[in-house]
Asker: 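What follows is a single structure, and I will ask about it in a moment.
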Amino acid sequence: MAVVLRSRATASVRAMRVIGHRGTPTGPRHTENTLPAVVAALEAGADGVEVDVRTTADGVLVLAHDPDLGRVLGTGVGTGPVVAETPSAALRALRLPGGAHVSTLDEVLDLAADSRALVVAEVKAGLGARRARTAVLLADHLHGRRRRRPGADRVVPSSFDTVSARALAGCGTVGGAVILEPWQEPRRMAGWARRCGLTELHLSVEHVRRDPGLVADLHATGMAVAAGIVDDPEESARLARLGVDLLCTDAVARVGRRRGAVVPAGTASGRPAGAARGGRRRGPRRGRGEGLSAAQAGTRPSSSR
């Protein structure tokens, strides 16, 4: 996933941040993971957006959730150009529903920098030897942007893939996250994440529904907590009261009005990196985390969130 948060003045308390899923609001007017969708989400009141990052055949970082573009083009999953096998110029020449083109990550980062927004970019892992290719390219790219424009970007890289997440630790200007499937154990993964230098756990909402005390326990380990996908205002208010730092939603305007509770200030997606305290819809993920046991990373097929 990648996220964009508006910068706010520091206060003694800060509300739970709400971000649009894949640049929501999505729908007939705005194709997911495009610059118009990102702009629309921010205009609808989102603190930011989540976007997905893949690498083209010629090494350009672009926004795309699926391995191919068939679903967003309307021709069906598996029928469109495969992002990793297609040059960026060919992808950019396509016109998506609503007239948008395939957006580059740089377009979103530049938009975010202009408005002092935070981008949390979800890296999609490749297959086999190319598993961490996007993560490695993103790490180098973020370091390059930091050299060229110190302090401009506010970025939290994230990934379901533990190899990619670990490769990105320390590359974000705000923090770094690993995203968990509903069947993964957050307390165990928190220990692994901290050892890798990550600062956030991005949870499925099912984790918190099953275990309301989880958020406080994770905060006690120094980890910030995000949750999604939540479109119900009552549930979003409950998660805010539990201390969730960052909420991902497809219903920005509806959920944003009910975020309610507050958490300590001085954070990006909730809490400062390393502070001592304080159903997503996704495609399949592959691969077990390097350095993790099967019990830690899990070997079940990934859910589609």
Side-chain angles (χ1 to χ4, degrees), residues 1-6 17-56 61-74 77 80 83 91 94-109 111-112 117-125 134 138 155-161 164 177 179-181 202-205 226-232 236 246-256 269 279-285 302-305:
M1 139 184 69
V3 179
V4 178
L5 301 180
R6 293 190 187 279
R17 300 300 182 99
V18 174
I19 60 171
H21 182 218
R22 303 182 195 169
T24 49
T26 56
R29 292 179 53 232
H30 304 294
T31 301
E32 68 181 43
N33 280 317
T34 61
L35 201 60
V38 171
V39 172
L42 296 177
E43 289 179 346
D47 295 301
V49 298
E50 180 267 348
V51 296
D52 304 294
V53 182
R54 291 186 180 273
T55 307
T56 65
L61 297 166
V62 297
L63 307 190
H65 179 274
D66 302 347
D68 76 279
L69 297 181
R71 179 176 58 82
V72 294
L73 287 169
V77 176
V83 175
L91 291 178
L94 296 172
R95 280 298 172 263
L96 304 175
H101 60 70
V102 174
S103 299
T104 65
L105 179 62
D106 268 340
E107 288 179 310
V108 173
L109 291 174
L111 172 69
L118 168 72
V119 177
V120 180
E122 182 190 329
V123 167
K124 296 298 186 182
T134 298
L138 177 59
V155 186
V156 175
S158 68
S159 186
F160 278 89
D161 179 63
S164 296
I179 313 169
L180 303 189
E181 295 282 8
H202 290 191
L203 307 180
S204 165
V205 66
I229 300 297
V230 176
D231 297 339
D232 177 67
S236 72
L246 181 68
L247 187 83
C248 192
T249 180
D250 287 318
V252 170
R254 187 166 70 247
V255 166
S269 45
R280 309 172 68 98
R281 293 192 307 273
R282 301 198 173 275
R285 275 81 184 177
S302 300
S303 63
S304 178
R305 291 194 270 155

Asker: How far does CG of Leu246 sit from CZ of Arg17, to the nearest 0.5 angstrom?
Answerer: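 Interatomic distance, Leu246 CG to Arg17 CZ, rounded to 0.5 Å: 9.0 Å.
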Asker: When you measure from the side chain of Arg254 to the backbone of Asp231, do you find a donor-acceptor pair of N or O atoms at a distance under 3.5 Å?
Answerer: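 It does hold such a pair.
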Asker: Going through the checks in order, is the side-chain contact (heavy atoms from CB on, under 4.5 Å) test met by Leu61 and Thr55?
Answerer: CA-CA 5 Å; Leu61 297 166; Thr55 307; 3.6 Å; yes
Asker: For a 4.5 angstrom cut-off between non-hydrogen side-chain atoms, does Val108 reach Leu35?
Answerer: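 Yes, close enough: below the 4.5 Å cut-off.
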Asker: Check Val255 against Val230 and note the closest heavy-atom contact, atom names and distance.
Answerer: CG2-O, 3.7 Å
Asker: Determine the minimum heavy-atom distance between Leu69 and Ala64, stating which atoms define it.
Answerer: CD2-CB, 4.2 Å
Asker: Can you measure from CG (Leu91) to CG (Leu96) and round to the nearest 0.5 angstrom?
Answerer: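 Leu91 CG to Leu96 CG: 9.5 Å, rounded to 0.5 Å.
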Asker: Just by modelled atom types, is the Leu63 backbone N or O under 3.5 Å from a matching donor or acceptor in the Asn33 side chain?
Answerer: no
Asker: Enter the distance from His202:NE2 to Leu180:CG here, rounded to the nearest 0.5 Å.
Answerer: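 Those atoms lie 9.5 Å apart.
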Asker: Identify, with sequence neighbours excluded, every residue that meets side-chain hydrogen bond (donor to acceptor under 3.5 Å, both in side chains) alongside Asp232.
Answerer: none
Asker: Has Glu50 got a side-chain atom pairing as donor or acceptor with Arg22's backbone, closer than 3.5 angstrom?
Answerer: yes
Asker: State whether the side chain of Arg54 and the backbone N or O of Thr134 hold a donor-acceptor pair below 3.5 Å, judged by distance alone.
Answerer: no
Asker: Any non-hydrogen side-chain atom of Leu138 less than 4.5 Å from a side-chain atom of Pro157?
Answerer: yes
Asker: My understanding is that only residues two or more places apart in sequence, or in another chain, count here; which of them pass side-chain contact (heavy atoms from CB on, under 4.5 Å) with Ala100?
Answerer: Thr34, Pro36
Asker: Heavy atoms only: give me the nearest Asp52-Lys124 pair and the separation to one decimal.
Answerer: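 Taking Asp52 first and Lys124 second, the nearest heavy atoms are OD1-CE, 3.5 Å.
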Asker: Mind checking the CZ-CD spacing from Arg71 to Glu32? Nearest 0.5 Å is all I need.
Answerer: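 With rounding to 0.5 Å, CZ (Arg71) is 4.0 Å from CD (Glu32).
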Asker: Closest approach of Gly20 and Ala46, non-hydrogen atoms and distance?
Answerer: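 Looks like N-CB, 4.2 Å.
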Asker: Heavy atoms, side chains only, cut-off 4.5 Å: are Val123 and Asp161 in contact?
Answerer: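 No, their side chains stay 4.5 Å or more apart.
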Asker: Given side chains that start at C-beta, do those of Val62 and Leu105 come closer than 4.5 Å, heavy atoms only?
Answerer: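 Side-chain contact under 4.5 Å: no.
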Asker: Let me confirm one number: the CG-CG distance from Leu111 to Asp106, rounded to the nearest 0.5 Å.
Answerer: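 It is 12.0 Å, given to the nearest 0.5 Å.
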Asker: Search all heavy atoms of Val205 against all heavy atoms of Ile229 and return the closest pair with its distance.
Answerer: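 Where Val205 meets Ile229 most closely, the heavy atoms are CG1-O, 4.2 Å.
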Asker: Could you tell me which residues satisfy side-chain hydrogen bond (donor to acceptor under 3.5 Å, both in side chains) with Ser103, sequence neighbours excluded, listed by chain and number?
Answerer: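 For Ser103, no residue satisfies side-chain hydrogen bond (donor to acceptor under 3.5 Å, both in side chains) once neighbours in sequence are set aside.
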Asker: Which heavy-atom pair separates Val49 from Ala41 by the least distance, and what is that distance?
Answerer: CG1-CB, 3.4 Å
